[in-house]
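One structure below.
What you see is a predicted model, and the numbers here were worked out from it, not measured in a lab.
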There are 2 protein chains.
Amino acid sequence: MEKENELFGVKEIARRANVSTATVDRVLHNRTGVSEKTKAKINAIIKEMDYQPNILASRLASKKIISLAALLPDVSEETDFWSAPLNGIRRAEAEMKQYGVQVQVFLFDLNNKDSFADQIRLVLDAGFHGILISPSFIEETRKFAAECVRRKIPYVFIDSDIPDLHSLSYIGPHLRKSGYVGAKLLTYRLEPEKKVLIINISKEIDNFNYLEIEDGFRAYFNDNNQPNEIVRIDIRETDYQSVARHLTYVFHLNKDIGAAFVTNSRVHTVASFLKNSHRTHVSLIGYDFVKENVDYLEDNVIDFLICHRPDDQGYRGMMALYQTLVVNAPVTKQNYMPIDIVTKENYEFYQN
Amino acid sequence: MEKENELFGVKEIARRANVSTATVDRVLHNRTGVSEKTKAKINAIIKEMDYQPNILASRLASKKIISLAALLPDVSEETDFWSAPLNGIRRAEAEMKQYGVQVQVFLFDLNNKDSFADQIRLVLDAGFHGILISPSFIEETRKFAAECVRRKIPYVFIDSDIPDLHSLSYIGPHLRKSGYVGAKLLTYRLEPEKKVLIINISKEIDNFNYLEIEDGFRAYFNDNNQPNEIVRIDIRETDYQSVARHLTYVFHLNKDIGAAFVTNSRVHTVASFLKNSHRTHVSLIGYDFVKENVDYLEDNVIDFLICHRPDDQGYRGMMALYQTLVVNAPVTKQNYMPIDIVTKENYEFYQN
DNA sequence: CTGAAAGCGCTTACAG
DNA sequence: CTGAAAGCGCTTACAG
């Protein structure tokens, strides 16, 4: 007598199709070596059953380990911002380890384009199954993306996006909107005759991110007919002395600056200047939950910090790779993070 | 010849202890029927190996399904707030299904204490392995907790906490700090001679949550020597007519109210009143990302909404139960959610 | 192009 | 108190 009860999963498919489970497995994973005819029959049954593979069993049986790489800027003296995404990546790693997924982290120097290119080489040569990358330099990233496409390796961008590069997913802020939010906060209590200062502190001349933010910032002024005059300054040296020198000059030229907006995490340098020069009445807004900035929040020199959940970016970036490579589930291409507003009063609950 | 290569997991433990894997399994799960001697020997080996069980294999082999219950207020005409935690719970459910975990949701009427008690009965009688609950009514929750403790069922509170009830975890806001943040935002551009209005709209007279929030709100005024006079009103009927009547009266008595703070999600009712009575110059802050409130954000009547990631609360609440029951990992007892500030400019990215 | 058999690391009756 | 054996739902050589 044959077994009467319905079997589960691949066995049931095999029974119905009158083949072995090995053949079912081949079809399930699009492997070669199955006749079109049996393939069609099996696929029909899979559809009919609305078969959902048991990932537990799959990962348990498969000895193949999946290896993911994460390519991020190193934490530097200047900023520990990137420790947050790294945390998120580690969190994802812990969860995925169970499923036979390994994670390797590669760090580069944000002030050194060559180190970025070098690490890309390393990652590419090591043959990872999926890659998370912070696309800090455009041209190098472009080459990287082309190579990944050629090798069919999925890759995810976090923190900033370069569109049209066919990344599996972008996970990070909508920078333009983020600048828009900055402008709202900055003008919320600003008197109409006061000037507003946009400060851009960066060694990279052509950083597209800051331009996006500034664009959004200005858009808010237009959309809301804000009368305030906007003054803008680019500072190419990031050390305190240089920043202070430039700011002294700007404040000398413009007596009535009521608020300042810094387009990145270097806002603490400006805070330091404002404090030293007794200008803490100037509203100050900038980016990122890093220690130096939080200290100036605490000190009432920085009014608001805008943040984009950096740890979640790392976590979700890795999970996006996991979703494609392990679960074989679809992934959203654009994942804009919330634009969080951090103040002296709520920062203690922000980081988890 | 014996097998030379080291085995993995339970097999290796069994080999070293000279017992069968069944016995190892018994020790691993604290089951009865193992002599103290072998138990000690096995435990020593487990420790020595720093053995980590493979949860995949465990869940796959075990036919036992784990069932979790979630007990939440139903979405009502008044508010769809609770759809967000429910979403998070569903998200958790989808992830846990793989591991043989089932989730069942029980809904009660927030305006009906009896329905809360009824659902508690149902949940308790059904014999779930773990329970997530929104402890909306104190006394009933107290009884519920006692019963769970007696039966050794872990339970998690979300959204609001009742301390000293031995819940596995609380996941939700620090209400006092949340009120504090509200005060900061409310006073940020408030002129010193203006009055501030605290509005409490709730049928429940003794709702401890609102008192916590108000306490934090007032604390900010003290800590920062805010000169503004605070006017306070309790409204026991939640319909628009009643609210409008009360507010008309308060605004009649106090000509110089510059800002209003509503201690819950009914802020949209106040917004509606302010708009209808042409008082939109009054700054307005309240709670929760619900449709009606977002509409008034969009309309510039509500200035800020404070939110505590309701979907994450549901998700993390279920995950806490999963951690104890399936992974057997420790769980943080207090999980304060971030106090998020939502504005017209950033709300579109808030909900995911 | 296809299948029989072993195995992933656990758990579960069942028998003693 | 303990163990042999079967099995969870897949995947993987290996053989044909």
Whole Å only: how far is the OH atom of B:Tyr99 from the P atom of C:dC10? 14 Å
Given D:dG3, C:dA5, C:dG3, identify the nucleotide with an atom nearest to the side chain of A:Thr21. C:dA5
Short side-chain N/O contact from A:Thr32 to OP1 or OP2 of C:dC1, under 4.0 Å: no
Heavy-atom count around B:Asp125 CG within 6.0 Å, excluding the residue itself: above 12? yes
Examine D:dG3: is either OP1 or OP2 under 4.0 Å from a nitrogen or oxygen in the side chain of B:Thr23? Give yes or no. yes
So which of residues 51-61 of chain B are in contact with DNA chain D, with a heavy-atom cut-off of under 4.0 Å? B:Leu60, B:Ala61
B:Lys64 has an atom NZ; how far is it from atom P of D:dG7, in whole Å? 20 Å
Dot-bracket for DNA chain C, 5' to 3', with Watson-Crick and G-U pairs under 3.5 Å, [ ] for crossing pairs and | for other-strand pairs: what is it? |||.||||||||.|||
Separation of atom CD in A:Glu36 from atom C1' in C:dT2, rounded to whole Å: 15 Å
Those residues that, when tested against B:Arg90, pass salt bridge (Lys or Arg N to Asp or Glu O under 4.0 Å) (two or more places apart): B:Glu93
Neighbour count above 12 (heavy atom, 6.0 Å) for A:Lys333 NZ: yes
Under 4.0 angstrom between B:Ser62 side-chain N/O and C:dT12 OP1 or OP2: yes
As a test of reading the structure: which of C:dT2, D:dG3, D:dG9 is closest to the side chain of A:Lys11, going by heavy atoms? D:dG9
Aromatic ring proximity A:Phe157/A:Tyr170, centre distance under 6.0 Å: no
Taking the six-membered ring where the residue is Trp, are the ring centres of A:Phe289 and A:Phe81 under 6.0 Å apart? no
Comparing B:Asn18 and A:Leu28 on DNA chain D - which has the more 5′ nearest nucleotide: B:Asn18
From C:dT12, D:dC14, D:dG3, nucleotide with atom closest to B:Arg31 side chain: C:dT12
Check the orientation of A:Tyr336 and A:His174. Use parallel for under 30°, tilted for 30 to 60°, and perpendicular for over 60°. tilted
Check the phosphate of D:dT2 against B:Thr38, side-chain N and O only, distance under 4.0 Å to OP1 or OP2. Yes or no? yes
Provide, to the nearest angstrom, the distance between the NE2 atom belonging to B:His29 and the C1' atom belonging to C:dG9. 11 Å
For residues 94-101 of chain B, please give each side-chain donor-acceptor pair under 3.5 Å, one per line with the distance, not counting sequence neighbours.
unit_1  : atom_1 : unit_2   : atom_2 : d
B:Glu95 : OE1    : B:Tyr315 : OH     : 3.0
B:Glu95 : OE2    : B:Tyr315 : OH     : 3.0
B:Tyr99 : OH     : A:Tyr99  : OH     : 2.3

Hey, does A:His308 have a side-chain heavy atom less than 4.5 Å from the side chain of A:Pro338? no
For DNA chain C, find the residues of residues 39-48 of chain B with a heavy-atom distance under 4.0 Å and give them by number; none if there aren't any. none
Starting at atom CZ of A:Arg26, determine the distance to atom P of D:dA13, rounded to an integer number of angstrom. 12 Å
Atom NE2 of residue position A:His29 - does it have more than 12 heavy atoms of other residues, nucleotides or ligands inside 6.0 Å? yes
Let's see if you can work this out: which of C:dC1, D:dG3, C:dG3 has an atom nearest to the side-chain heavy atoms of A:Val19? C:dG3
Residues two or more places apart in sequence or in another chain: which of them pass side-chain contact (heavy atoms from CB on, under 4.5 Å) with A:Ile153? A:Ile131, A:Cys148, A:Arg151
Integer-rounded Å distance: D:dT12 P and A:Ile65 CD1: 13 Å
Using the ring centroid of each side chain, check whether A:Phe128 and A:Phe106 are separated by less than 6.0 Å. yes
Ranking C:dG9, C:dA13, C:dT2 by distance to the side chain of B:Ala22, first place goes to C:dA13
Does C:dG9 have OP1 or OP2 sitting under 4.0 Å from an N or O in the side chain of A:Lys63? yes
Using a cut-off of 4.0 Å on non-hydrogen atoms, how would the nucleic acid contact of A:Gly9 be classed: base, sugar-phosphate, or nothing? sugar-phosphate
Given A:Arg316 and A:Asp311, is the salt bridge (Lys or Arg N to Asp or Glu O under 4.0 Å) satisfied, shown in steps? CA-CA 9 Å; A:Arg316 296 173 65 161; A:Asp311 29 5; over 6 Å; no
Heavy-atom pair with the smallest gap, counting every atom of A:Pro173 and A:Asp159: CD-O, 3.3 Å
